[in-house]
Amino acid sequence: LSFAASRIREGEYDSTLDETMLTREIREVNQGFNRMARELARIEEDRAVMLAGISHDLRTPLARLRLEAEMSVNDDEAKRNMAADIDQLDAIIDKFMDYARPGEVKLVSVHLSSLIDRAVASFRDTSQIRIQARVPIDVYVLADETELSRVMANLFENARRYGRTPDTGVAEVEVSYARSNNWVQISVRDHGTGVPPEKLPQLTIPFFRGDTARTAATGAGLGLAIVDKALARMGGRFELTNAPDGGLVAYVRLKRAG
């Protein structure tokens with residue numbers, strides 16, 4: 001029962017227990033457990049179908065709106081603003097889908113520096129964010145490559161939005177690496193204003209909005225919640241703290257591969 005419950009916790013709803021036990025009490029417990037597992041599997045399937053439908057149904061009118069804006073709006077600034085709003089809505093849909101993604105992951109050996117370099121390359125606007133990564137080229141971690149790419153992208157996006165240095169208005173981000181026994185720790189540090197210590201544990205709560213400097217209403221409020229959930233699925237750990245001399249530091253810990 002304990003083993004089957006742990007599999008249910010990991011999202012493996014096909015776990016079943018023997019319903020032919022001779023002992024009535026154990027048989028009834030097993031029957032109840034199996035009913036619960038079937039109901040959870042049905043709910044999960046319904047949720048996946050619903051989310052896919054929501055994503056499709058929202059994106060279709062958004063695509064039409066973008067086309068109509070391009071075709072019918074003569075004011076270039078208004079056209080740019082409408083396109084930016086549509087892009088923001090599309091990005092928020094992606095965040096919802098990422099957070100609600102089923103729990104199954106495929107853990108493989110991932111070349112860490114290459115993955116981080118690809119994530120850094122997608123943040124090209126140096127007027128908003130500059131990222132320096134110092135990760136050895138011989139480090140491999142046990143992770144799902146797609147999930148870990150989302151983790152790094154969300155951390156960089158969080159720094160771009162909320163971790164800008166007050167005097168320059170640019171997010172100066174440093175990515176560093178440390179190793180402890182079988183664990184690899186990746187640190188993503190910005191030089192912004194940081195977060196009040198009492199609010200740090202709340203930053204991974206979905207939709208939490210604390211200090212307005214770090215939680216401007218241009219996102220879904222899910223970025224760090226997605227990071228926390230993704231790392232938990234990969235058997236990793238996530239921690240947030242303030243740097244002693246200012247700024248927020250995100251620690252990503254994963255098992256070393258090999």
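Numbers for residues simply follow the sequence, beginning at 1.
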Legend entry - Minimum-distance pair of heavy atoms, taken over all atoms of A83 and R66: O-NH2, 3.7 Å
Legend entry - Under the ring pair (Phe, Tyr, Trp, His ring centres under 6.0 Å) test, residues paired with F33 that sit two or more places apart: none
Inset, instruction - State, with a plain yes or no, whether a side-chain heavy atom of L148 is found less than 4.5 Å away from one of L254. - result: yes
Inset, instruction - Ignoring hydrogens and angles, state whether a donor on the side chain of Y177 or R179 is under 3.5 Å from an acceptor on the partner side chain. - result: yes
Legend entry - Heavy-atom side-chain contact between Y140 and R256 under 4.5 Å: no
Legend entry - Y251 side chain near I186 side chain, heavy-atom distance below 4.5 Å: no
Legend entry - Inter-residue atom distance N182.CG - R253.CZ, 0.5 Å rounding: 14.5 Å
Legend entry - In one Ile/Leu/Val/Met/Phe/Trp/Tyr side-chain cluster, 4.5 Å: V170, L248: no
Legend entry - Spacing of CD belonging to Q185 relative to OG belonging to S176, to within rounding of 0.5 Å: 8.0 Å
Legend entry - Backbone of R150 reached by a side-chain donor or acceptor of N154 within 3.5 Å: yes
Inset, instruction - For the pair H191 (side chain) and G163 (backbone), establish whether a donor and an acceptor sit closer than 3.5 Å, ignoring hydrogens and angles. - result: no
Inset, instruction - Would you mind reporting whether V139 and V184 have side-chain heavy atoms less than 4.5 Å apart? - result: yes
Inset, instruction - Could you tell me whether a side-chain N or O of S122 sits under 3.5 Å from a main-chain N or O of A119, the two making a donor and an acceptor? - result: yes
Inset, instruction - Evaluate the criterion salt bridge (Lys or Arg N to Asp or Glu O under 4.0 Å) for residue pair D245 and R189; output intermediate values, then yes/no. - result: CA-CA 11 Å; D245 53 346; R189 186 255 171 98; 2.7 Å; yes
Legend entry - Spatial distance of atom CZ (R80) from atom CG (D75) [nearest 0.5 Å]: 8.0 Å
Legend entry - Nearest heavy atoms of S109 and A257, plus distance in Å: OG-CB, 3.6 Å
Inset, instruction - Give a yes or no answer on whether the side chain of D144 reaches the backbone of M234 with a donor-acceptor pair at less than 3.5 Å. - result: no
Inset, instruction - Say whether D125 and Q128, considering side chains only, have a donor N or O and an acceptor N or O under 3.5 Å apart. - result: yes
Inset, instruction - Any chance you could measure I226, atom CD1, to L231, atom CG, to the nearest 0.5 Å? - result: 12.0 Å
Inset, instruction - Tell me whether L142 is reachable from L115 by hopping between hydrophobic residues (I, L, V, M, F, W, Y) whose side-chain heavy atoms are closer than 4.5 Å. - result: yes
Legend entry - In one Ile/Leu/Val/Met/Phe/Trp/Tyr side-chain cluster, 4.5 Å: V249, F238: no
Inset, instruction - To the nearest 0.5 Å, tell me how far F156 CZ sits from D190 CG. - result: 11.5 Å
Legend entry - Note, S187 side chain near V175 side chain (heavy atom, < 4.5 Å): no
Legend entry - Backbone of D18 reached by a side-chain donor or acceptor of N30 within 3.5 Å: yes
Legend entry - Shared hydrophobic cluster, V252 / V108 (ILVMFWY, side-chain heavy atoms < 4.5 Å): yes
Inset, instruction - Sort out for me which residue in N158, I129, V120 forms a side-chain contact (heavy atoms from CB on, under 4.5 Å) with V173. - result: I129
Inset, instruction - Find out whether R35 and E39 are in side-chain contact, i.e. whether some heavy atom of one side chain is under 4.5 Å from a heavy atom of the other. - result: no
Legend entry - Salt bridge E172-R164, side-chain N to carboxylate O under 4.0 Å: no
Legend entry - Non-hydrogen atoms of G194 and N242 that approach each other most closely: CA-OD1, 3.4 Å
Legend entry - Point-to-point distance, once rounded to the nearest 0.5 Å, from CG of L17 to CE of M36: 9.0 Å
Inset, instruction - In plain terms, say whether R161 and E157 are close enough for a salt bridge, that is, a side-chain N and a carboxylate O under 4.0 Å apart. - result: yes
Inset, instruction - Verify the cluster assignment for I116 and I137: are they in a single hydrophobic cluster under the rule of side-chain heavy atoms below 4.5 Å apart? - result: no
Inset, instruction - Run through R118, K106, H111 and flag the one making a side chain to side chain donor-acceptor pair (under 3.5 Å) with E145. - result: R118
Inset, instruction - Could you tell me whether E77 atom CD has more than 12 heavy atoms of other residues or ligands within 6.0 Å of it? - result: no
Inset, instruction - Before accepting this row, confirm whether a basic side-chain N of the pair E68/R64 lies closer than 4.0 Å to the acidic partner's carboxylate O. - result: no
Legend entry - Salt-bridge present (R27, E19; N to O < 4.0 Å): no
